[in-house]
Amino acid sequence: MKIGYPCINRSIGCSSGRTFRLASYSRERLEETLSKNLRCLDAILRFNLASDILFFRITSDLVPFASHPVCTAPWRETFSETFSEIGRFIREHDMRISMHPDQFVIINAKDPEIIDRSLAELRYHAAVLDALHLDATAKIQIHVGGIYGDRKASMERFCREYARLDESILRRLVIENDDPRYTLADCLAIHKETAIPVLFDSLHHQVNSSGETVTEAVELCSATWGPEDGIPMVDYSTQMPKARKGRHTESLDGAAFAQFLGETAPTDMDIMLEIKDKEKSALAAVEIARSDRRFLPR
DNA sequence: CGTAGTCAAGTCAGA
DNA sequence: TCTGACTTGACTACG
């Protein structure tokens, strides 16, 4: 079991997702920004290693405008050595990596232009993981997409579009149950049709439940991951007290996390903490997991 | 220098 | 009809 956090490290004073306005795009600006972003990604991974945080989600903003037509700079070639070095570090230390494209990636859209833009964005995410020379255990997680007034038809459209994806995307893609739309049961139904692995999100399941207990949910999801996919990934968060439903908490609730570990103990998984204070909660979670001999070795 | 307005992209609920 | 939320605020024009 590995524990991680997404995209941003608040302790080390750099960002691996620096960007700029589309209006100020230039090849020089892109290369300057990407160079800084990669240097910061390297710093974050070194920080993580020193803290036994071996799971990390790389920000989608690593290469600004990568899937936009304006971006014609050959960044894969220009930075191939840097990507390779960072990838070597990740593999040497047996780290787990994921990416999570944002809400604009919608495989089941009705508008073909939205599908095209989504495909370009997925190709970009796959290109980053490929440039790092990571195997198929480095995943790209997306949601099922829109409902468009007909859940069943929209799920079928997802399955149809999924079947047409390039292998470079297919081998990495997983779906996650979301908060306002597709439940865990919906995702498992899509898995039956497509064999796509299902990533369990604990807070979304709490807010938009299809009835399974956490123990059941994690077991069901785990069964959708094949050997080449690696250990199942799970997104873990709890509700921010008194806030809008589905809002992530500011900091880790240690007791709730310990209970989650207990409920899911039979299933090995890599846990992504979607909590606002990021690495701080990940550090606390590593200590909690360590204090229980069933989980992390000292 | 500080800060308010704005930023590539989609969906959908709620005001 | 518009705004906010979503994995995450941060860039930059303007005073």
Side-chain angles (χ1 to χ4, degrees), chain A residues 4-10 13-26 29-30 32-33 36-37 40-41 44 55-72 97-125 139-151 154-155 157-158 161 174-182 199-204 207-208 233-240 243-250 271-282:
Chain A
Y5 62 97
C7 307
I8 294 171
N9 181 303
R10 297 190 188 283
C14 71
S15 162
S16 58
R18 293 180 68 87
T19 184
F20 47 84
R21 296 294 161 83
L22 180 57
S24 47
Y25 179 92
S26 69
R29 188 72 189 269
L30 178 87
E32 185 192 315
T33 304
K36 282 186 197 157
N37 285 349
C40 180
L41 175 60
I44 291 174
F55 187 18
F56 186 65
R57 182 184 299 163
I58 295 178
T59 175
S60 297
D61 288 333
L62 186 71
V63 188
F65 304 104
S67 72
H68 190 282
V70 78
C71 183
T72 53
I97 297 294
S98 67
M99 295 185 82
H100 191 347
D102 58 27
Q103 63 272 25
F104 309 109
V105 169
I106 303 195
I107 293 294
N108 74 351
K110 288 179 160 175
D111 178 347
E113 292 189 6
I114 294 175
I115 302 239
D116 285 348
R117 283 194 288 272
S118 298
L119 287 183
E121 186 70 358
L122 288 175
R123 277 192 208 102
Y124 151 62
H125 282 77
K139 292 302 186 191
I140 301 170
Q141 62 188 90
I142 60 170
H143 298 299
V144 177
I147 300 274
Y148 306 101
D150 187 342
R151 178 178 304 259
S154 295
M155 285 165 65
R157 213 164 41 250
F158 179 95
E161 292 298 332
V174 304
I175 46 170
E176 174 193 347
N177 56 303
D178 64 73
D179 159 357
R181 294 184 270 277
Y182 292 95
L199 188 156
F200 177 63
D201 185 302
S202 69
L203 179 56
H204 293 161
V207 174
N208 183 26
M233 294 176 176
V234 166
D235 283 354
Y236 175 84
S237 181
T238 50
Q239 170 73 36
M240 181 185 280
R244 188 195 63 82
K245 215 172 80 156
R247 188 93 188 271
H248 294 168
T249 41
E250 194 61 41
I271 303 177
M272 178 63 62
L273 297 173
E274 292 190 327
I275 294 177
K276 297 227 175 284
D277 67 4
K278 305 287 180 186
E279 76 285 353
K280 197 162 156 257
S281 282

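So that the names make sense, note that chain A is the first sequence line, chain B the second, and so on, each numbered from 1. Only this structure's heavy atoms are used, side chains among them; waters, hydrogens and symmetry mates stay out.
- Taking atom P in both B:dC7 and C:dT8, one finds a spacing of 22 Å when rounded to whole Å.
- Comparing the same atom, C1', in C:dT3 and in B:dT6 gives a spacing of 14 Å after rounding to whole Å.
- Atom P of B:dG10 sits at a distance of 23 Å from the matching atom of C:dA10, rounded to the whole Å.
- Counted by atom type alone, A:S67 and A:E121 present one or more donor-acceptor pairs between their side chains at under 3.5 Å.
- With rounding to whole Å, A:L22 atom CG is found 11 Å from C:dT12 atom P.
- The side chain of A:R29 contributes an N or O atom lying less than 4.0 Å from OP1 or OP2 of C:dT12.
- Nearest-nucleotide positions on DNA chain C for A:R21 and A:H100 put A:H100 closer to the 5' end.
- As rounded to whole Å, 17 Å separates atom P of C:dT3 from atom CD of A:Q103.
- Separating the CD1 atom of A:I106 from the P atom of B:dG10 is a distance of 8 Å, rounded to the nearest angstrom.
- Residue contacts shown for A:S24 are limited to sugar-phosphate atoms, with no base heavy atom under 4.0 Å away.
- For the pair A:R181 and B:dG10, the criterion of a side-chain N or O lying under 4.0 Å from OP1 or OP2 is not met.
- Distance alone, capped at 3.5 Å, is enough to place a donor-acceptor pair between the A:N108 side chain and the A:G146 backbone.
- When all heavy atoms of A:Y124 and A:V63 are compared, the pair lying nearest together is OH-N, 3.2 Å.
- Relative to the side chain of A:I8, the nucleotides C:dT12, B:dT11, C:dT8 differ in distance, and C:dT8 lies closest.
- Between the CG atom of A:N37 and the C1' atom of C:dC11 there is a distance of 14 Å, given to the nearest Å.
- The CD1-P distance, from A:I114 to B:dT11, rounds to 4 Å in whole Å.
- A:F65 and A:Y25 have perpendicular rings, their planes meeting at more than 60° on a 0 to 90° scale where under 30° would count as parallel.
- Note on A:Y148: only backbone sugar-phosphate atoms sit closer than 4.0 angstrom, heavy atoms only; bases stay farther off.
- One interatomic measurement links the two molecules: CZ of A:R157 to P of B:dG10, which rounds to 15 Å at whole-angstrom precision.
- With both pairing distances under 3.5 Å, B:dA8 is matched to nothing as a Watson-Crick or G-U wobble pair.
- When distances run from any side-chain atom of A:R18 to the nucleotides C:dC11, B:dA8, B:dT11, the shortest one goes to C:dC11.
- Taking atom CG of A:N9 as the reference point, atom C1' of C:dG9 lies 16 Å away to the nearest angstrom.
- Using a 4.0 Å heavy-atom cutoff across all strands shown, A:T19 reaches sugar-phosphate atoms only and no base atom.
- Separating the CG atom of A:D111 from the C1' atom of B:dC12 is a distance of 17 Å, rounded to the nearest angstrom.
- Looking at A:S154 and A:R157, their side chains do bring a donor and an acceptor atom within 3.5 Å of each other.
- With hydrogens and angles disregarded, a donor-acceptor distance shorter than 3.5 Å links the side chain of A:N177 to the backbone of A:D201.
- Rounded to a whole angstrom, the distance from the P atom of C:dC14 to that of B:dA8 is 16 Å.
- Residue A:Q141 is classed as having no contact, given no heavy-atom separation below 4.0 Å to the nucleic acid.
- Comparing C:dG4 with C:dG9, their C1' atoms are spaced 14 Å from each other, to the whole Å.
- Donor-acceptor pairing under 3.5 Å, judged by distance alone, is absent between the side chain of A:S15 and the base of C:dA10.
- In terms of phosphate contacts, A:R117 brings a side-chain nitrogen or oxygen within less than 4.0 Å of OP1 or OP2 of B:dG10.
- Once the 5.5 Å centre distance and the 30° plane angle are applied, the aromatic ring of A:F104 is found stacked with the base of B:dA9.
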